[in-house]
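What you see is a predicted model, and the numbers here were worked out from it, not measured in a lab. We number each residue from 1, following the sequence as shown.
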Amino acid sequence: MPTPPIRNTATGESRAAAAFARVATGLLLVSVLLMVGRIYWRWHSLNEPSTVVIVAGDESLDGAKVEISGEHGHWTEKLNRDDGWQISVLLDAGTYRLVVTHRKLELLNESFSVDRIRGMRFDLPSMVVIVGSGQFADARIEIRCDPVRENFTRAEIKLEAQDHYRKALYLFPGSYYVVARSALNPDRVLARVDFNVDRAAPVRVDLTKAANEEATP
């Protein structure tokens, strides 16, 4: 009687296992691709603020009002000590306008655009206070930068009694000097003061004190 052929069941099981592994791997790959696609779609479709805009000042700008407005909303903040005189706002991609005012004076009025990757930073100038007395009521007072800066050439101010012979101006970090000359004789220097703006502390320039020191033998 002939012997029946012996089936290699191990080989059949191995092939079945390999086929199952290929199917499982394919399903896993499809699942991963679908998950990545969903994340990508949500990232592009969800309207969530993703870009930070920073407005930075210093102690001299305490209380400055910062307004940002655009198609996605309007934000109003104030610079203060608690936040280190710096504010950060999360915005959607788009075009906005930034307005900064301090003591009713507009320091900045500028439009800007942000995308989902690139943010913005605005560094504000510092307030410098020039003080004098009646002897400078008619003086020609100039502020210059040394060395000369591209964004600043010179500024001319007038000290008046109604302002108690005080004048505030806003300057970016750098080395400056203020010189007061006689209105009748421009060659006569009443006072000169060199000063630095470095955001470390508020700057106050006293012309009366400088004039008295120069007059002292």
Side-chain angles (χ1 to χ4, degrees), residues 29-130 143-157 163 166-176 195-205:
L29 179 60
V30 171
S31 176
V32 170
L33 291 175
L34 289 174
M35 182 177 64
V36 172
R38 185 177 181 182
I39 293 174
Y40 182 81
W41 177 81
R42 285 177 61 85
W43 187 78
H44 278 274
S45 61
L46 288 181
N47 187 25
E48 295 181 353
S50 59
T51 303
V52 65
V53 172
I54 298 173
V55 181
D58 60 20
E59 184 179 354
S60 69
L61 300 181
D62 188 56
K65 184 179 180 181
V66 179
E67 296 181 273
I68 299 177
S69 57
E71 57 183 314
H72 299 294
H74 184 94
W75 297 263
T76 301
E77 301 283 350
K78 285 190 176 182
L79 299 181
N80 57 67
R81 180 183 297 274
D82 294 339
D83 297 325
W85 298 287
Q86 176 175 294
I87 63 128
S88 301
V89 180
L90 279 174
L91 300 176
D92 293 302
T95 300
Y96 300 85
R97 177 162 291 278
L98 170 64
V99 179
V100 181
T101 54
H102 184 240
R103 297 188 177 183
K104 299 181 179 180
L105 180 66
E106 190 173 86
L107 302 185
L108 185 64
N109 188 334
E110 183 177 328
S111 62
F112 65 95
S113 298
V114 294
D115 53 35
R116 294 177 70 92
I117 300 175
R118 181 178 60 88
M120 296 284 288
R121 178 185 174 94
F122 295 90
D123 289 308
L124 301 174
S126 300
M127 184 180 71
V128 176
V129 179
I130 310 294
I143 296 91
R144 292 183 177 272
C145 189
D146 186 20
V148 177
R149 298 167 59 100
E150 292 183 3
N151 60 349
F152 181 88
T153 52
R154 58 183 289 274
E156 188 167 335
I157 63 172
D163 298 322
R166 297 167 61 93
K167 187 72 174 181
L169 62 156
Y170 296 84
L171 302 173
F172 286 98
S175 298
Y176 300 85
F195 63 94
N196 293 315
V197 177
D198 57 10
R199 298 187 184 278
V203 178
R204 183 177 183 272
V205 179

Measuring from Phe195:CZ to Asp146:CG, what's the distance to the nearest 0.5 Å?
11.0 Å

Counterpart residues, side chain to side chain contact (heavy atoms under 4.5 Å, CB included), relative to Asp83 (two or more places apart):
Asn80

Side chain proximity check, Leu91 to Ile68, heavy atoms < 4.5 angstrom
yes

List in chain and number order the residues that pass side-chain hydrogen bond (donor to acceptor under 3.5 Å, both in side chains) with Glu110, two or more places apart in sequence or in another chain; answer none if no residue qualifies.
none

For the residue pair Arg97 and Ser111, what are the closest heavy atoms and their distance?
NH2-CB, 3.6 Å

Determine, stepwise, if the pair Val66 / Lys78 fulfils side chain to side chain contact (heavy atoms under 4.5 Å, CB included).
CA-CA 6 Å; Val66 179; Lys78 285 190 176 182; over 6 Å; no

Contact summary for Asp62 and Arg81, nearest pair of heavy atoms:
OD1-N, 3.7 Å

I need the minimum non-hydrogen distance between Arg199 and Leu124, along with the two atoms involved.
NH2-O, 2.5 Å

Using the ring-ring contact (aromatic ring centres under 6.0 Å, His included) criterion, which residues pair with Phe112? Sequence neighbours excluded.
Tyr96, Phe122

Where is the tightest heavy-atom contact between His72 and Ala93, given as atom of each residue plus distance?
NE2-O, 3.2 Å

Qualifying residues under ring-ring contact (aromatic ring centres under 6.0 Å, His included), relative to Tyr170, sequence neighbours excluded
His102

For Ser175, check side chain to side chain contact (heavy atoms under 4.5 Å, CB included) against everything at least two apart and list the hits.
Asn196

In chain order, what residues pass the side-chain hydrogen bond (donor to acceptor under 3.5 Å, both in side chains) check against Thr101, with sequence neighbours excluded?
none

Across all chains, not counting sequence neighbours, the salt bridge (charged side-chain N to carboxylate O under 4.0 Å, His left out) partners of Arg144 are Glu142

Just jot down the side-chain hydrogen bond (donor to acceptor under 3.5 Å, both in side chains) partners of Asp123, sequence neighbours excluded, or say none.
Arg121

Check: residues 52-60 side-chain donor-acceptor pairs under 3.5 Å, at least two apart:
residue	atom	partner	partner atom	Å
Asp58	OD1	Ser60	N	3.1
Asp58	OD1	Ser60	OG	2.6
Asp58	OD2	Ser126	OG	2.4
Ser60	OG	Met127	N	2.9

Of all the heavy-atom pairs spanning Leu79 and Leu61, show the shortest one and how long it is.
CB-O, 3.9 Å

Any residue meeting side chain to side chain contact (heavy atoms under 4.5 Å, CB included) with Arg204, in chain and number order, not counting sequence neighbours:
Val131, Arg166, Asp206

Could you work out, with side chain to side chain contact (heavy atoms under 4.5 Å, CB included) as the rule, every residue matching Thr95, not counting sequence neighbours?
Ser113

To the nearest 0.5 Å, what is the distance between OG1 (Thr51) and CG (Leu90)?
8.0 Å

Does Trp75 have any side-chain hydrogen bond (donor to acceptor under 3.5 Å, both in side chains) partners at least two apart in sequence or in another chain, and if so, which?
none

Between the main-chain N or O of Glu67 and the side-chain N or O of Thr76, is there a donor-acceptor pair closer than 3.5 Å?
no

Does any part of the side chain of Leu169, heavy atoms only, come nearer than 4.5 Å to the side chain of Ile143, both counted from C-beta?
yes

